[in-house]
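Here's the structure, in structure tokens; my notes come after.
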Amino acid sequence: MANSKYEYVKSFEVEDEIMLPNTIIIHVHARDFCRFSEVHEFEKPNDKKASELMNECSKAVLEQFPDVIFSYGYSDEYSFIFRKETKFYQRRGSKILSLIASFFTSTYVTKWGALFPQKDLKYAPSFRARVICCASMEVLQAYLLWRQYECHTNNQYNTCLWQLIKSGKSKEEAQATLRGSLKQDKNELLYQCFNINYKKDIPEMFRQGTCILKTEVEDIVKYKDDGSPVTRTRRKVLTVHSENIASKRFWKEKSCLSKKELDQFCDDLNKTRPEYVKSFQYESRLMLSTWIVVRIDGCHFHRFSDVHEFEKPNDAQALNLMNACAVAVLEEFRDVVFAYGVSDEYSFVLKKDSQLYQRCASEIVSSVVSFFSSTYTMSWNEFFPQKEMKHLPYFDGRAVCYPSIEIIKDYLAWRQVDCHINNQYNTCFWLLVKSGKSKSDAQSYLKGTQTQEKNELLDRLTGIINYYNTLPPMFCLGSSVFWDKETKRVDNEEGATGKSRRIVVVGHCNIIETGFWEAHPQILDEKVDHFKAVQMANGKNGWNDLP
């Protein structure tokens with residue numbers, strides 16, 4: 001991070017460490033899955049391929065993150081359980097949940113084609129995530145019992161509902177038929193009316209949900225001279241279906257859930273109260289009447305850029321891809337009024353009176369990060385048509401509240417100062433490397449140098465006076481993304497007129513000076529209802545009518 005007079009804005013960041021001995025669960029669930037399943041014509045009440053895709057994403061999470069030792073999911077949700085003593089990213093809640101949601105989403109996009117080869121992914125899927133803090137094994141047990149109970153009751157209801165609809169009833173009539181019915185009533189309805197034995201005829205994946213866990217297996221790595229095998233223990237990801245994942249027996253039989261990772265369940269549970277488990281959800285509602293900034297950063301992006309051979313020190317196409325994702329975020333989340341990005345990070349500013357997800361930090365952060373990741377993965381071929389994506393991109397994020405416009409501007413100025421200092425350093429560094437110096441020599445050469453010295457070095461290495469000022473503004477100033485007005489010429493009988501509409505634009509502007517904000521006062525104007533402003537600019541009335 002660069003040192004500047006704007007550094008004070010970091011003091012508004014709040015730590016969200018989940019303290020030991022709490023066991024961490026990340027609950028991931030799809031955003032507006034009903035619409036997504038309808039658009040992509042998923043089979044009702046359950047689509048086997050869609051469930052298998054969710055399972056594949058869960059497997060990928062367990063393979064990517066060693067500290068995730070168990071997961072349980074059904075329909076559009078999955079819960080990931082970390083080993084008890086995990087130090088994963090030092091147990092910061094926002095970072096953990098955003099990484100899991102981001103990686104899960106990128107996996108979902110990349111594996112879509114294998115599960116649905118005949119179906120195009122029509123728009124970017126995304127997921128929300130929350131943290132559950134389990135203060136004891138009893139809480140963990142109650143949570144698992146609750147989720148599996150929800151799986152069973154929801155699936156039984158939906159099976160009945162869609163059988164009734166397929167038999168000719170309207171959705172309203174089917175719902176009325178099922179209103180107030182008990183478990184046994186539904187079983188009898190399925191058997192008597194549709195000859196379906198719920199327990200025998202409905203696949204266990206739909207009735208019981210799916211567990212993904214790790215077990216230890218012995219692999220032969222080589223053979224000795226005498227022909228005897230040399231084995232090595234490794235962990236293998238398995239898929240399991242069980243009638244009661246909260247039972248003492250199930251937990252004890254799984255080697256990955258030993259005392260080294262988690263404790264055992266002492267007794268069997270027959271029922272639990274959802275409100276009891278919900279009380280352990282790590283809920284952080286952001287302060288009212290403050291500007292919310294969601295800042296996302298690429299995870300292991302140095303490695304990602306090396307593997308994909310991004311141009312150094314700046315790859316224009318990689319930056320344009322990031323900008324395209326930011327544009328998509330503004331179009332998807334109308335409470336985001338401004339975004340600023342550089343390299344592998346982006347900051348999204350939500351309006352001061354935003355009530356997005358009731359200002360629940362985890363839902364806001366995970367949704368933005370997940371959607372950004374999904375869009376990045378889906379858009380890759382558009383920007384890199386000749387490059388295969390070799391590793392999944394994923395991002396972490398956090399939300400910070402700022403109380404005034406002045407502090408928001410200082411925050412954005414801090415990020416732009418950081419952009420300039422890092423870009424100037426990196427430009428010098430890579431020119432030195434390309435001139436023949438080793439990376440360590442280049443670092444030593446630049447250590448302690450000031451701005452003027454770096455500029456003189458750049459002029460000397462390139463032979464171009466004021467070389468730094470010839471670089472593309474996107475590299476030096478970063479990218480600003482915001483709603484602006486576009487005026488188009490319209491010719492009619494009375495002559496030429498202008499017709500305006502609101503569009504999202506990407507600019508490379510100096511946002512430290514006041515000139516930018518004076519030219520675009522509507523961006524941070526607390527008196528402007530941005531939703532209504534967009535509507536009025538387009539002469540439209542509905543949310544779905546927005547451009």
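Along the sequence shown, residues are numbered consecutively beginning with 1. As a basis for the values below, the full set of heavy atoms in this structure was taken, side chains included, without hydrogen atoms, waters or symmetry mates.
The main-chain N or O of M19 is found under 3.5 Å from a side-chain atom of N22 such that the two form a donor-acceptor pair. For S438 (side chain) and D441 (main-chain N/O), a donor-acceptor pair under 3.5 Å exists by modelled atom type. Looking only at distances, no side-chain donor or acceptor of N466 sits under 3.5 Å from a matching main-chain atom of N469. In this structure, W112 contributes its side chain and L53 its backbone to no donor-acceptor pair below 3.5 Å. Using modelled atom types, no side-chain atom of R398 and backbone atom of S98 make a donor-acceptor pair closer than 3.5 Å. Within the 3.5 Å criterion, the main-chain N or O of A316 finds no donor-acceptor partner in the side chain of N314. Panel note: side chain D120, backbone K122; no donor-acceptor pair is recorded below 3.5 Å. Listed for the S37 side chain is a donor-acceptor partner under 3.5 Å among the backbone atoms of C34. A donor-acceptor contact shorter than 3.5 Å is absent between the side chain of S370 and the backbone of S367. S374 places no side-chain N or O within 3.5 Å of a backbone atom of F371 that could act as its donor or acceptor partner.
For an aromatic pair to be called close, the ring centres must be under 6.0 Å apart, and W414 with Y340 fails this. A centroid separation of less than 6.0 Å is found between the aromatic rings of F127 and Y108. In this structure, F103 has its ring center closer than 6.0 angstrom to the ring center of F65. Taking the six-membered ring for Trp, F36 and Y123 have ring centres closer than 6.0 Å. The aromatic ring centroids of F516 and F482 lie less than 6.0 Å from each other.
Residues T427 and K454 have side chains that never bring a donor and an acceptor to within less than 3.5 angstrom of each other. There is a side-chain donor-acceptor pair under 3.5 Å between R359 and T290. Donor-acceptor pairing under 3.5 Å is recorded for the side chains of R147 and Y74. Between N55 and Y78, the side chains place a donor N or O and an acceptor N or O closer than 3.5 Å (distance only, hydrogens not considered). In this model, a donor atom of one side chain and an acceptor atom of the other lie less than 3.5 Å apart for S58 and S71. Side-chain N/O atoms of D410 and Y8 include a donor and acceptor closer than 3.5 Å. Side-chain contact check for N422 and D418: at least one donor-acceptor pair (N or O, by modelled atom type) lies under 3.5 Å. Side-chain N/O atoms of D459 and Y468 include no donor and acceptor closer than 3.5 Å. Defined by atom type and a distance below 3.5 Å, a donor-acceptor pair is missing between the side-chain atoms of Q522 and D525.
In this structure, E345 and S347 approach most closely via the heavy-atom pair OE2-OG, 4.3 Å. The two residues I405 and L524 make their nearest non-hydrogen contact at CD1-O, 3.0 Å. Of all non-hydrogen atoms in K352 and P403, the two that sit nearest each other are NZ-O, 3.5 Å. Of all the heavy atoms in H508 and G478, the pair that sits closest is ND1-O, 3.2 Å. Nearest approach of C476 to L471, heavy atoms of both residues: SG-CB, 3.8 Å. Summarising the geometry of L392 relative to S106, their closest heavy-atom pair is CD2-O, 3.9 Å, with the distance given to 0.1 Å.
The ring-ring contact (aromatic ring centres under 6.0 Å, His included) test with H308 singles out one residue from F301, F384, W380, and that residue is W380.
Looking at heavy atoms from C-beta onward, Q64 lies in side-chain contact with Y394 at the 4.5 angstrom threshold. You'll find the side chain of S373 reaches within 4.5 Å of the side chain of V369, heavy atoms only. Between K95 and Q90, every side-chain heavy-atom pair lies at or beyond the 4.5 Å cut-off. The shortest side-chain heavy-atom distance between V294 and F333 does not fall under the 4.5 Å cut-off. Counting heavy atoms from C-beta on, the side chains of S102 and D396 never come closer than 4.5 Å. The closest side-chain heavy-atom distance from M474 to N323 is below 4.5 Å. Taking the side chain as every heavy atom from C-beta outward, L477 and C419 never approach each other to under 4.5 Å. By the 4.5 Å heavy-atom criterion applied to side chains, Q317 and N320 are counted as neighbours.
By the 6.0 Å contact criterion, CD on Q355 is enclosed, its count of non-hydrogen atoms from other residues, nucleotides or ligands being greater than 12. Atom NZ of K119 sits in a crowded spot, with more than 12 heavy atoms from other residues, nucleotides or ligands closer than 6.0 Å.
Classification of E15 and R92 as a salt-bridged pair fails, no side-chain N sitting under 4.0 Å from a carboxylate O. K351 and D335 are joined by a salt bridge, as a carboxylate oxygen and a charged side-chain nitrogen come within less than 4.0 angstrom of each other. Between E17 and R91, none of the side-chain N atoms (NZ, or NE/NH1/NH2) sits under 4.0 Å from a carboxylate O, so this pair counts as no salt bridge. E406 and K409 are not joined by a salt bridge, as no carboxylate oxygen comes within less than 4.0 angstrom of a charged side-chain nitrogen. One finds no salt bridge joining K390 and D306 here, because no Lys/Arg side-chain nitrogen approaches an Asp/Glu carboxylate oxygen to under 4.0 Å.
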Subject >> Verdict with reasoning, K111 to K59, per side-chain contact (heavy atoms from CB on, under 4.5 Å) >> reply: CA-CA 12 Å; K111 290 185 179 292; K59 288 180 187 177; over 6 Å; no
**OP:** Would you sort out whether I292 and I364 count as a side-chain contact (heavy atoms from CB on, under 4.5 Å), showing the intermediate values?
**Re:** CA-CA 10 Å; I292 301 170; I364 294 173; 4.3 Å; yes
Subject >> side-chain contact (heavy atoms from CB on, under 4.5 Å) between L446 and L457, intermediate numbers included >> reply: CA-CA 10 Å; L446 292 171; L457 173 64; 3.7 Å; yes
**OP:** In sequence, state the C-alpha distance, the side-chain angles, and the governing distance for C134 and I25, and then conclude on side-chain contact (heavy atoms from CB on, under 4.5 Å).
**Re:** CA-CA 7 Å; C134 294; I25 300 178; 3.4 Å; yes
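A cation-pi geometry, defined here as NZ or CZ lying under 6.0 Å from the six-membered ring centre and within 45° of its normal, does not hold between R295 and Y411.
Note that CG of L412 is 10.0 Å distant from CD1 of I512, once rounded to the nearest 0.5 Å. Atom SG of C401 is separated from atom CD1 of I408 by 9.5 Å, given to the nearest 0.5 angstrom. Rounding to the nearest 0.5 Å places NE2 of H27 at 10.5 Å from OH of Y72. Taking OG from S94 and CD1 from I18, the interatomic distance works out to 9.0 Å, rounded to the nearest 0.5 Å. From Q416, atom CD reaches atom NE2 of H420 across 10.0 Å, with rounding to the nearest 0.5 Å. With values rounded to the nearest 0.5 angstrom, R128 atom CZ is found 12.5 Å from L97 atom CG.
Using cut-offs of 30° and 60° on the angle between ring planes, the pair W517 and F338 is tilted. In this structure, F348 and Y346 have parallel ring planes: the angle between them is below the 30° cut-off, well short of the 60° mark.
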